[in-house]
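Each ligand, and each atom within it, is numbered from 1 in the order the structure gives. Residues take their numbers from the sequence shown, with the count starting at 1. These values consider heavy atoms only, across backbone and side chains, with no hydrogens, waters or symmetry-generated copies.
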Amino acid sequence: MDSELDWHSARAALEWQMDLGVTETILDMPVNRFEVVAEPKPAQAPVAAPVVVQEADPVAEAQAAASAAPTLEALAQALEAYPHCELQKGARTTVFADGTPNARVMIVGEAPGRDEDRQGKPFVGRAGQLLDRMFHAIGLSRTSPDAQAALYITNVLPWRPPQNRDPRPDEIAMLMPFLRRHIQLADPDVLVIMGNISCQALLGRRGITRLRGQWTDAVGKPALPMFHPAYLLRQAHAKREAWADLLSLQARLRDLG
Ligand code: URA
């Protein structure tokens, strides 16, 4: 339209169009809607690459921590610092070991109970007192400084399970690298494996009634499964077999020289 058009003429032209029935205003030229370029979409934030969260592998971490420990003290520290075992949170102390580390005989029990958790030492409750009497009968003691007559004592689990429940397989699996390293570093002549949980952990087998008294190998050491002293407190008749096993241990030590 002529931009010079004056106001009155423009109004008259518009009214004339309205008189003719025009209801819509349209453009001078048709628009080809098929050619209309779509409005560009607002730029989207670049999609970040998915973050892969590496799940911790408790057994592999235990293996790495344990095998890096050059001494028993370092192993005890590595165990304290190990973050993946829930049992540690419920325990008062870490029960690492008792006795003489260079002893010829290393006893592996199951787990600390209430007394052990309080004192931070394995086998100090009633079962522990029976254990001391049993080994004393063949001339072995945890207080002897002489490696020939000494005992070194630990457990599969260094932390007391709540209500003394049995440890779960995943708990045993993550603590086994520490126990294996413990045995390597202490380097005893023989192992005594006390009870079913310890047989499960070190031999992969349960059934202490059949296993006891049968020499086998564990972690590269001659190993003798025995009834747990807590079982002997409940089943006095089994003391006869326990005595036979102690004599077998004594004979083996003599043979080994
Ligand atoms: N029973 C175990 O097996 N270990 C202990 O230390 C005490 C009781």
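- No more than 12 heavy atoms of other residues, nucleotides or ligands lie within 6.0 Å of CZ in R240, so this atom counts as exposed by the packing criterion.
- H136 NE2: 12 or fewer foreign heavy atoms inside a 6.0 Å radius.
- Contacts of R210 classified as side-chain contact (heavy atoms from CB on, under 4.5 Å), with partners at least two apart in sequence or in another chain: none.
- Remark: T94 pairs with L79, E80, Q88, P158, W159 by the side-chain contact (heavy atoms from CB on, under 4.5 Å) rule, at least two apart or across chains.
- For the salt bridge (charged side-chain N to carboxylate O under 4.0 Å, His left out) condition, no pair includes a residue of residues 107-124, sequence neighbours left out.
- Listed by chain and residue number, the protein contacts of ligand 1 are G109, E110, A111, E116, P122, F123, N155, H228 (heavy atom within 4.0 angstrom).
- Put simply, the side chain of Y152 does not reach to within 4.5 Å of the side chain of V108, judged on heavy atoms.
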